[in-house]
Amino acid sequence: MTQPDDPDARLAAAILAGLGGVENIEEIDPCTTRLRSLVKDPALVDSAGLRRAGAFGVMTHGRVVQVVLGPRVDTIASDLADLM
Amino acid sequence: MVTAGAHGAEHKYLAVRAYLTELVAGELAVGDAVPSERSLTEKFGVSRMTVRQAVDALVTEGVLERVQGRGTFVAPPRADFEMRLTTFGEEARRRGLTPGADVLEAGTRPAPPHVAEALDCEPATPMHHVVRLRTTDGNPMSVEESWIPVHLVPGLLDDGVPESLYGALRAHGLDPTWGEETITAADGTDEERERLQMRGTHAVMRAARRTFGGEAPLMYSRACYRGDRYSVFVPLREARPTIVPRTTGTPRAGRVFEGSPR
């Protein structure tokens, strides 16, 4: 599913894994510098893993998880959609 | 047509504008020159004023840009930043104002916890710390406090506080490329109102910003703008469609879910 050569696809896959996998995601809202996701179970979110994948911050409020990525949100949104 | 004059001109203006918009979207690339006013005048059989009005509108929208003495060109897209990543000095100059800075404090300090967190470093990491009163045409506009990790640019303040911190970072190969800013309304403290020479209203806007250069946080800054002299301009665009897993059934493109912070 992932193309190992494509850093955007790799990042998208790592983010989905960090959010607890596709099964844990209700929706992802791509903003300019952040992905705002609604997850089913916030306990499955791996903040440290998301940081390691390249996130500049992870904020969780209830079931909403914000992942700060910068302008790369623009380029990985389609990769995320492909993987979901 | 009863009101041929007015409606005709309006129609022609829109036609020129639509033509240019299409050119920009299709044939032309960023930095390409758009057809001359004269050729557009001839092509559409309209007055130079109508052509200029159409070009002006696209310049205002940021689709085209005028370069003095050279002509009008396709502007670079500005989609990357919601609010522009510019400095106080750059913003002031673009409004025809002369920016100034009075340095209130400058030195090296250990990062307080909130700064360390914002810059993703260990607490007490050495930081360049600068507090400046920013002025336009000599009038106080904001108090700005900036923190930059010393290890990024050890000699940043050796020759005094540079006129532009972004400029100094760029000069050291650390180009600010993106950032995030949070703006909050508040009552200014006595010290802030004194520094900003505020009489009357106590209202201020506080802006906290993280500036990044590619993969690294470069600077954390907090500014306090006086509420009676400053407005924030935010270009808006349509939100991207929300992504939903295919397995959960019907896609709800563009839907804003309840409780989603925006």
Side-chain angles (χ1 to χ4, degrees), chain A residues 1 7-8 11-13 15-17 19-42 47-48 50-84, chain B residues 76-85 114-122 149 175-182 208-220 234-262:
Chain A
M1 196 154 52
D8 288 332
L11 178 61
I15 285 164
L16 288 182
L19 290 171
V22 177
E23 312 72 42
N24 195 37
I25 291 164
E26 283 199 9
E27 45 193 24
I28 297 181
D29 190 17
C31 301
T32 302
T33 57
R34 297 180 175 203
L35 294 174
R36 303 182 199 260
S37 331
L38 183 65
V39 298
K40 290 171 187 155
D41 181 0
S47 292
L50 289 167
R51 298 292 296 251
R52 276 197 304 278
F56 297 103
V58 179
M59 293 79 151
T60 306
H61 296 283
R63 294 200 294 132
V64 174
V65 183
Q66 298 188 39
V67 183
V68 182
L69 289 174
R72 281 187 86 181
V73 166
D74 241 343
T75 54
I76 71 155
S78 58
D79 291 292
L80 283 172
D82 288 346
L83 293 170
M84 283 170 59
Chain B
R78 64 159 135 187
D80 282 4
F81 307 116
E82 284 180 48
M83 287 176 53
R84 290 188 298 190
L85 193 66
H114 71 279
V115 174
E117 197 192 330
L119 292 175
D120 206 9
C121 62
E122 293 298 317
D175 289 29
T177 52
W178 66 280
E180 291 189 333
E181 188 162 76
T182 309
R209 180 189 289 197
R210 287 204 295 169
T211 301
F212 291 84
E215 299 298 297
L218 299 180
M219 174 158 107
Y220 176 69
V234 186
L236 305 175
R237 64 174 185 189
E238 193 184 17
R240 284 191 199 78
T242 297
I243 307 166
V244 287
R246 266 167 245 154
T247 47
T248 54
T250 47
R252 291 155 295 174
R255 193 174 74 91
V256 183
F257 54 82
E258 220 173 300
S260 162
R262 280 255 177 204

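Every chain is numbered from 1, with letters handed out A, B, ... down the list of sequences. Because the structure is predicted, anything quoted here is derived from the model rather than measured.
Counting heavy-atom pairs closer than 4.5 Å to chain B, the top-ranked of the candidates A:Gly54, A:Gly62, A:Ala81, A:Ala77 is A:Ala81.
When the salt bridge (charged side-chain N to carboxylate O under 4.0 Å, His left out) test is applied to A:Asp8, the partners found at least two apart in sequence or on another chain are A:Arg72.
Contacts of A:Leu69 with chain B are made by backbone atoms alone, with heavy-atom separations under 4.5 Å and no side-chain atom involved. Within the 4.5 angstrom heavy-atom criterion, only side-chain atoms of A:Arg51, from C-beta onward, approach chain B.
When all heavy atoms of A:Asp82 and B:Arg246 are compared, the pair lying nearest together is O-NH2, 3.1 Å. When all heavy atoms of A:Pro30 and B:Pro241 are compared, the closest pair comes out as CD-O, 3.4 Å. Annotation for B:Ile243 and A:Leu80: closest pair CD1-CB, 4.1 Å, computed over non-hydrogen atoms. Heavy atoms only, all atoms of each residue included: A:Phe56 and B:Ala216 are closest at CE2-N, 4.4 Å.
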Checklist entry - Please walk me through it: do B:Glu180 and A:Thr32 pass side chain to side chain contact (heavy atoms under 4.5 Å, CB included)? => result CA-CA 10 Å; B:Glu180 291 189 333; A:Thr32 302; over 6 Å; no
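Remark: B:Arg240 CZ to A:Ile28 CD1 distance equals 13.0 Å, nearest 0.5 Å.
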